[in-house]
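Along the sequence shown, the residues carry numbers beginning at 1. When reading the values below, keep in mind they use all heavy atoms of this one structure, side chains included, and skip hydrogens, waters and symmetry mates.
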Amino acid sequence: MEPYQIKDMIIDDHFAGEESVTAEFSYNDKEYSITFDKADLEIINTWVFERGTSFPANLSDSLIESIRGEVKKRI
């Protein structure tokens with residue numbers, strides 16, 4: 001697996017009435033965003049940013065688990 005780099009992390013206390021954590025990261029020369037429920041770090045959504053717009057991202061389970069672990073350490 002190619003390395004990723006988390007560039008920013010946002011903790012939102014008011015997203016849809018629940019706390020969430022969004023990690024913005026680069027991977028394979030693309031920019032991504034993944035949002036987790038803060039309570040259990042379950043995925044809420046994932047996005048890839050290309051050509052000035054965003055699309056739902058299809059990330060591997062191993063990459064998601066690695067990012068989840070990094071987010072857990074940071075919060």
Closest heavy-atom pair and its distance - I67, A23: CG2-CB, 4.4 Å
Looking just at side-chain N and O atoms, do S26 and Y4 make a donor-acceptor pair shorter than 3.5 Å? no
Nearest non-hydrogen partners of T22 and S33, listed with the distance: CG2-OG, 3.3 Å
Report whether I43 and I6 are members of the same hydrophobic cluster (ILVMFWY, side-chain heavy atoms less than 4.5 Å apart, transitive linking). yes
Step-by-step side chain to side chain contact (heavy atoms under 4.5 Å, CB included) determination, E50 to K30: CA-CA 7 Å; E50 296 183 89; K30 294 183 183 176; 3.5 Å; yes
Could you name each residue pair satisfying salt bridge (Lys or Arg N to Asp or Glu O under 4.0 Å) that touches residues 36-46, not counting sequence neighbours? E19-K38
For T35 and N45, run side chain to side chain donor-acceptor pair (under 3.5 Å): C-alpha distance rounded to whole Å, both residues' side-chain angles, the deciding distance at 0.1 Å, then the answer. CA-CA 5 Å; T35 302; N45 59 46; 3.3 Å; yes
The side-chain contact (heavy atoms from CB on, under 4.5 Å) partners of K72 (sequence neighbours excluded) come to L41
Do other residues, nucleotides or ligands put more than 12 heavy atoms under 6.0 Å from D61 CG? no
Enumerate the ring-ring contact (aromatic ring centres under 6.0 Å, His included) contacts for residues 30-68, please, sequence neighbours excluded, ordered by first and then second residue. F25-Y32
What do the steps show when you test I10 against E24 for side chain to side chain contact (heavy atoms under 4.5 Å, CB included), and what is the final call? CA-CA 8 Å; I10 302 163; E24 297 174 356; 4.0 Å; yes
Return the CD to CD distance between E31 and Q5, rounded to the nearest 0.5 Å. 9.0 Å
